[in-house]
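Report on the following structure.
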Amino acid sequence: MSATNAPILITGAGQRVGLHCAHRLLDEGQPVIFSYRSERPGVQALRDRGAIGLFADFSSEAGVLAFIAQVNTHTQSLRAIIHNASAWVAETPGDESRAFIDMFNVHMLAPYLINLHCSPLLQRSSPADIVHISDDVVRKGSRQHIAYCATKAGLDSLTLSFAAQLAPLIKVNGIAPAMVMFNEGDDAAYRARVLAKSALGIEPGPDVIYQSVRYLLDNPYVTGTTLTVNGGRHIK
Ligand SMILES: NC(=O)C1=CN([C@@H]2O[C@H](COP(=O)(O)OP(=O)(O)OC[C@H]3O[C@@H](n4cnc5c(N)ncnc54)[C@H](OP(=O)(O)O)[C@@H]3O)[C@@H](O)[C@H]2O)C=CC1
Ligand SMILES: Nc1nc2c(c(=O)[nH]1)N=C([C@H](O)[C@@H](O)CO)CN2
């Protein structure tokens with residue numbers, strides 16, 4: 001496969017933000033390889049458009065390495081890797097360690113191992129990018145999602161380290177959103193509370209993340225940077 005149409009790899013694209021970004025890339029004629037853990041309508045929709053779906057459970061090192069092996073059998077080059085897969089789990093009494101380990105694995109171990117083992121695929125494409133999707137909450141911490149926030153902070157650290165190590169052939173950047181789309185179970189009171197936290201007070205939807213991805217992929221002079229996409233939470 002020529003490097004000019006090398007696929008973009010996006011993790012956790014079976015729903016929501018990842019699914020939207022995968023569709024937008026396909027809309028532009030960009031080949032896509034995506035990971036999914038649960039079979040969802042969105043997974044089949046991407047397959048129907050020619051994207052390659054690879055099963056991945058990042059909750060263990062073995063699962064991450066198995067996914068990496070699959071990627072290497074499906075392509076010889078990559079235009080970009082977008083680390084989108086994530087678990088947003090609050091502390092619950094009795095299984096704090098399990099939740100922390102799960103989020104460490106999906107937010108830090110998986111991006112770390114995938115970047116190390118798949119950077120040779122990126123080096124066969126020019127330009128080449130890694131994008132880590134983090135969270136604006138890292139800026140101040142979170143009393144309800146301590147482990148989630150800590151592991152996303154670790155992801156921000158990986159952005160800096162990999163940007164230094166992989167330059168100049170591969171740019172490495174992050175995107176730190178605040179709420180961009182609610183979950184189905186979020187009630188009106190919760191939604192109102194969250195919307196009040198930002199200066200712009202809107203639920204923008206997933207395209208603001210795709211626009212941020214597009215900016216990072218297209219800009220040849222940005223690396224080691226994390227874009228804040230938070231509706232002005234920090235100035236409220
Ligand atoms: N939505 C928002 O408002 C915000 C989102 N973000 C970040 O943006 C990104 C996209 O958010 P959103 O679309 O809501 O994410 P989701 O909560 O929908 O998660 C995306 C996917 O991650 C996959 N995933 C979770 N755990 C694992 C695992 N152990 N192994 C493999 N895959 C896994 C899930 O796959 P499956 O469903 O197949 O199990 C899921 O479909 C995330 O990184 C998130 O942290 C940050 C701030 C706000
Ligand atoms: N993996 C996920 N991470 C996050 C989600 C989500 O649904 N999945 N949602 C949020 C919230 O919208 C939060 O930003 C509200 O303040 C954060 N991370």
- Examine distances only and state if a side-chain atom of D186 and a backbone atom of F182 form a donor-acceptor pair shorter than 3.5 Å. no
- State, yes or no, whether a side-chain contact exists between H132 and V172 at a heavy-atom distance under 4.5 Å. yes
- Do side-chain atoms of S125 reach the backbone of P127 as a donor and acceptor pair under 3.5 angstrom? yes
- Walk me through it: do K236 and K197 pass the test side chain to side chain contact (heavy atoms under 4.5 Å, CB included)? CA-CA 7 Å; K236 181 81 183 210; K197 289 181 179 178; 6.0 Å; no
- Item | Beyond-backbone contact of I81 with C118, side-chain heavy atoms, under 4.5 angstrom | yes
- Given side chains that start at C-beta, do those of R233 and V194 come closer than 4.5 Å, heavy atoms only? yes
- Item | Min side-chain heavy-atom separation T226-L160 under 4.5 Å | no
- Check R143 against I146 and note the closest heavy-atom contact, atom names and distance. O-CG1, 3.8 Å
- Task: Treating Ile, Leu, Val, Met, Phe, Trp and Tyr as nodes and any side-chain heavy-atom pair under 4.5 angstrom as an edge, say whether L155 and F104 lie in one connected cluster.
- Result: yes
- Task: Can you measure from CG (D27) to NE2 (H20) and round to the nearest 0.5 angstrom?
- Result: 8.5 Å
- Message: Could you measure the distance from the OG atom of S35 to the CD1 atom of I114? Nearest 0.5 Å is fine.
- Response: 7.0 Å
- Task: Could you tell me which non-hydrogen atom of S86 sits nearest to which non-hydrogen atom of H107, and how far apart they are?
- Result: OG-NE2, 2.8 Å
- Heavy-atom side-chain contact between H117 and L65 under 4.5 Å: yes
- D156 and T159: side-chain donor and acceptor closer than 3.5 Å? no
- Task: Compute whether any side-chain donor of one residue and acceptor of the other, for N230 and T228, lie under 3.5 angstrom apart.
- Result: no
- In Å and rounded to the nearest 0.5 Å, what is the CD1 to OG distance from I170 to S126? 10.5 Å
- The single option from V131, N173, I209, L216 that satisfies side chain to side chain contact (heavy atoms under 4.5 Å, CB included) with L227 is L216
- Query: Have R139 and H234 got a donor and an acceptor in their side chains that come within less than 3.5 Å?
  - Reply: no
- Query: Any ion pair linking R214 and D207 (charged N to carboxylate O, less than 4.0 Å)?
  - Reply: no
- Query: What is the distance from atom CZ of R79 to atom CD1 of I8, rounded to the nearest 0.5 Å?
  - Reply: 6.0 Å
- T151 side-chain N/O to Y148 backbone N/O, donor-acceptor pair under 3.5 Å: yes
- Item | L26 with L78, same ILVMFWY side-chain cluster at under 4.5 Å | no
- Query: Transitively linked via ILVMFWY side-chain contacts under 4.5 Å: I33 with L25?
  - Reply: no
- Indicate yes or no: at least one non-hydrogen side-chain atom of L46 is less than 4.5 angstrom from one of Y36. no
- Exercise: do H83 and T11 side chains pair donor with acceptor under 3.5 Å: no
- Does any N or O in the side chain of E91 come within less than 3.5 Å of the main-chain N or O of A147, such that one atom is a donor and the other an acceptor? yes
- Answer yes or no: is there a side-chain heavy-atom contact under 4.5 Å between P177 and D136? no
- Going from CZ on R37 to CD on Q15, what distance comes out if it is rounded to the nearest 0.5 angstrom? 9.0 Å
- Item | Within-4.5 Å side-chain heavy-atom neighbours: L113 and E61 | yes
- Which heavy atom of N84 sits nearest a heavy atom of I133, and at what distance? OD1-CD1, 3.7 Å
- Message: Using modelled atom types and a 3.5 Å cut-off, is there a donor and acceptor pairing between side-chain atoms of S142 and backbone atoms of C149?
- Response: no
- Query: Can you list the steps and then say if L9 with F67 is a side chain to side chain contact (heavy atoms under 4.5 Å, CB included)?
  - Reply: CA-CA 12 Å; L9 171 64; F67 172 71; 3.7 Å; yes
- Check the hydrophobic clustering (I, L, V, M, F, W, Y; side-chain heavy atoms under 4.5 Å; chains of links allowed) and say if V71 and L166 are grouped together. yes
- Look at K171 together with D129 and state whether they make a salt bridge at an N to O cut-off of under 4.0 Å. yes
- Task: Would you please classify the geometry between the W88 ring and the H145 ring as parallel, tilted or perpendicular, with 30° and 60° separating the classes?
- Result: parallel
- Message: On a heavy-atom basis, which atom in E203 and which in L195 lie closest, and how many Å separate them?
- Response: N-CD2, 3.6 Å
- Contact summary for R47 and Q44, nearest pair of heavy atoms: NH1-OE1, 2.7 Å
- Task: Write down the atom of F162, the atom of L116, and the distance for their closest heavy-atom approach.
- Result: CE2-CD2, 3.8 Å
- Positive for side chain to side chain contact (heavy atoms under 4.5 Å, CB included) with I130, one of L122, L158, I82: L122
- Task: Would you confirm whether Q76, through its side chain, and L121, through its main-chain N or O, come within 3.5 Å as a donor-acceptor pair?
- Result: no
- Item | From CA spacing to verdict: side chain to side chain contact (heavy atoms under 4.5 Å, CB included), F34, L19 | CA-CA 9 Å; F34 68 98; L19 177 63; over 6 Å; no
- Item | Test item: N183 side-chain N/O and G185 main-chain N/O as donor-acceptor pair under 3.5 Å | no
- Residue pair V229, Q211: steps toward the side chain to side chain contact (heavy atoms under 4.5 Å, CB included) verdict: CA-CA 10 Å; V229 184; Q211 292 169 35; over 6 Å; no
- Any chain of hydrophobic side-chain contacts (each under 4.5 Å) joining V32 to F55? yes
- Any salt bridge between R98 and D102, counting N to O under 4.0 Å? yes
- Item | Between CZ on residue R24 and CD1 on residue I10, distance to nearest 0.5 Å | 12.5 Å
- Item | Crowding at CD, E96 (>12 non-hydrogen neighbours, <6.0 Å) | yes
